[in-house]
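Here is the structure we will look at, set down as C-alpha cells.
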2 protein chains.
Amino acid sequence: MVLSRTSQYAVQALIYIATQPPGEPVLNRDIADRLNVPSAYLAKILQNLCKQGLLDSFRGRLGGFCLREGMHKTSLMQVLTLTEGPAFSKNCILGLKECSDATACPMHFKWVPVKKKILAMLEDMTLEELAKAVQTGKYRLADLPTGALA
Amino acid sequence: MVLSRTSQYAVQALIYIATQPPGEPVLNRDIADRLNVPSAYLAKILQNLCKQGLLDSFRGRLGGFCLREGMHKTSLMQVLTLTEGPAFSKNCILGLKECSDATACPMHFKWVPVKKKILAMLEDMTLEELAKAVQTGKYRLADLPTGALA
DNA sequence: ACTCCTTAGGATATCCATGTCCGATTATAT
DNA sequence: ATATAATCGGACATGGATATCCTAAGGAGT
C-alpha cells in the first residue's frame, strides 16, 4: 500500500545516514546490514539518489555515502518524488489518465481530501526529524532478524 | 499509489455492474469494452469475485455476471480486502513486518491517523452509492479512448 | 608503484503482476 | 440433437520491479 520497495529502502537508508555524524561517509554495506536489505540493490538506489543530488558519494578507502550539505531538511515528499517519479502525487485512485475536478471519477471528491492529508504528512516529515526520532531509541528502522543491537 | 491495477479493474467493473438492472447478467465483453480493459484479464478478476461471493455468474446464452443478492451495499473496503488480500490495511508504510504502537517505525504515529482516514473513506463508499453517482452522468468510470457514449 | 577498499555501471537473473490463448464446460434456442 | 453463446480453468507470454554478479574506475595508505 502506497510505497514501492525501492522507496522504502531509500527512505530507510536516508534516515539511517541522517542519524550518522554528518560529513563522515557511511558504507553501503553497513547500511545494508543495518537495514537487512540486499546490498547490491541498495547500492543502485543510493547511486540514483546521488545523481538526484540528495547524497554525495566517495570512492575508495574512507569512501561511502553521506547526505549532501543542507539535505537534512529534505521532506519525505521530496524523496518520494525522486524515487516514485513526479506523477506520484497526481494519480487517480481508480487509475484514470484524466481525473480532475472537471473530469472526475466517482471517487474523486472523496479521495482528494484524503490524498491531501497523505501529502501534507509527507511534506511535513523531514529526514532530520525522523533521524532524531530514531536516535531516541523509541523507534525502529528495520526488522530485527539479523543483529538486533546497533 | 495505493491500488493495484487488478483492484482498479475490479472496482470499476463492480461499479459498472451495479449501474445495470439487477438480475440481468452483464457480459464480461461489454464491461471490458466499456472500461477499455483487457477482457481476458478482466474475466479472471470477475471469476475470482464470484468465488469470493460478491458476484454470481451464469454460463451460456443469456449468461454473464451480476451482483449477488444484497451485495449492492458492499463497501470498497470489503472489495479491496478481497482483491488486495487481508493484510491490505495492516502494512507498515516503511515495509516493516513488525510495526505497531509497541514496536513502531519512525513514521508510525504520523502514518496511523492518516491511514485511518483512508480506511474510513473506503468503509464509507458502497458500490450502490458509487453506481448512483455514475448514473447522474457527472462522473466517469473510464477514460474516453473507445466509445464515449454509454 | 602497489595494494586495498570503495563506489560506478553494465549485464544478467528472478519474481510477480499483468496479460493472452485455447480448449472444456454449461446453458439456451431452434 | 445441434448450433450458438457464454463462463471456467489451465497453460503460457510479457514486462517491470527487484535482485545478483562481475569488472572497471577512483581514492587512501604503505
Side-chain angles (χ1 to χ4, degrees), chain A residues 1-13 17 20 23-33 35-68 80 82-85 87-88 91 94-95, chain B residues 1-13 17 20 23-33 35-68 80 82-85 87-88 91 94-95:
Chain A
M1 188 183 192
V2 177
L3 296 190
S4 67
R5 261 224 164 358
T6 297
S7 290
Q8 292 174 341
Y9 291 167
V11 170
Q12 288 175 20
I17 294 174
Q20 299 307 108
E24 288 187 19
V26 187
L27 293 190
N28 171 65
R29 173 167 23 86
D30 288 346
I31 306 172
D33 286 354
L35 302 180
N36 195 29
V37 143
S39 75
Y41 189 56
L42 181 63
K44 302 287 191 202
I45 295 172
L46 296 180
Q47 285 162 27
N48 181 48
L49 292 174
C50 282
K51 281 187 201 153
Q52 310 268 1
L54 267 189
L55 293 178
D56 282 319
S57 67
F58 305 94
R59 298 204 207 187
R61 278 197 166 215
L62 307 189
F65 298 88
C66 55
L67 267 179
R68 184 167 294 184
L80 296 177
L82 297 182
T83 57
E84 300 275 327
F88 170 62
N91 292 332
L94 279 186
Chain B
M1 189 184 191
V2 177
L3 296 190
S4 67
R5 271 249 173 313
T6 297
S7 290
Q8 292 174 342
Y9 292 166
V11 170
Q12 288 175 21
I17 294 174
Q20 300 305 111
E24 288 187 19
V26 187
L27 292 190
N28 170 64
R29 173 166 22 87
D30 288 346
I31 306 172
D33 288 353
L35 302 180
N36 194 30
V37 145
S39 76
Y41 190 53
L42 180 63
K44 301 289 190 200
I45 295 171
L46 296 180
Q47 283 162 29
N48 181 48
L49 292 174
C50 284
K51 280 188 203 153
Q52 311 269 2
L54 269 187
L55 293 178
D56 282 319
S57 67
F58 305 93
R59 298 205 209 187
R61 278 194 165 221
L62 306 188
F65 297 89
C66 55
L67 267 178
R68 184 167 295 184
L80 295 178
L82 297 182
T83 57
E84 300 274 327
F88 170 61
N91 292 333
L94 279 186

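Just so we're on the same page: letters track the sequence lines, and every chain starts at 1. Treat the numbers as computed from the prediction; the structure is a model and nothing was measured.
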For atom CG of A:L35 and atom C1' of D:dT18, their distance in whole Å: 16 Å
Proximity to the side chain of B:L27 - top-ranked nucleotide from C:dT28, D:dA6, D:dT18: D:dA6
Gap between atoms CG and C1', on B:L62 and D:dT4 respectively (whole Å): 12 Å
Minimum-distance nucleotide to A:N28 side chain [options: D:dT7, C:dT7, C:dG19]: C:dT7
Modelled atom types, side-chain donor and acceptor of B:S4 and B:E84, under 3.5 Å: yes
Smallest separation among heavy atoms of A:I31 and A:A13, with atom names: CG2-CB, 3.9 Å
Residues which pass side chain to side chain contact (heavy atoms under 4.5 Å, CB included) with B:R5, listed by chain and number, not counting sequence neighbours: B:Q8, B:Y9
Rounded interatomic separation in angstrom, taking CG from A:L42 and P from C:dT6: 15 Å
Among C:dA11, D:dG10, C:dG19, the one nearest A:K44 by side-chain distance: C:dA11
Sub-4.0 Å heavy-atom contacts from residues 46-61 of chain B onto DNA chain C, ordered by number: B:R59, B:G60, B:R61
Side-chain N or O of A:Y9 closer than 4.0 Å to phosphate OP1/OP2 of D:dT18: no
Side chain of B:R29 - closest among D:dA6, D:dA19, D:dG10: D:dA6
Atom-pair distance (CZ on B:R5; C1' on C:dG19), nearest Å: 12 Å
Side chain B:Q12, main chain A:L94, donor-acceptor under 3.5 Å: yes
Minimum-distance nucleotide to B:F65 side chain [options: D:dA11, D:dC8, C:dT6]: D:dC8
B:D56 to B:C50 - nearest heavy-atom pair and separation: C-SG, 4.1 Å
5' priority, DNA chain D, between B:V26 and A:Y41 [closest heavy atom]: B:V26
Separation of atom CD1 in B:I45 from atom P in C:dA17, rounded to whole Å: 13 Å
Nearest atoms (heavy-atom pairs only) where A:S7 meets A:T83: OG-OG1, 2.8 Å
Rounded distance in Å - CG (A:L3) to C1' (D:dA17): 15 Å
Side-chain (A:N28) to main-chain (A:F65) donor-acceptor, under 3.5 angstrom: no
Protein-nucleotide distance (B:Q8, atom CD; C:dG19, atom P), rounded to Å: 10 Å
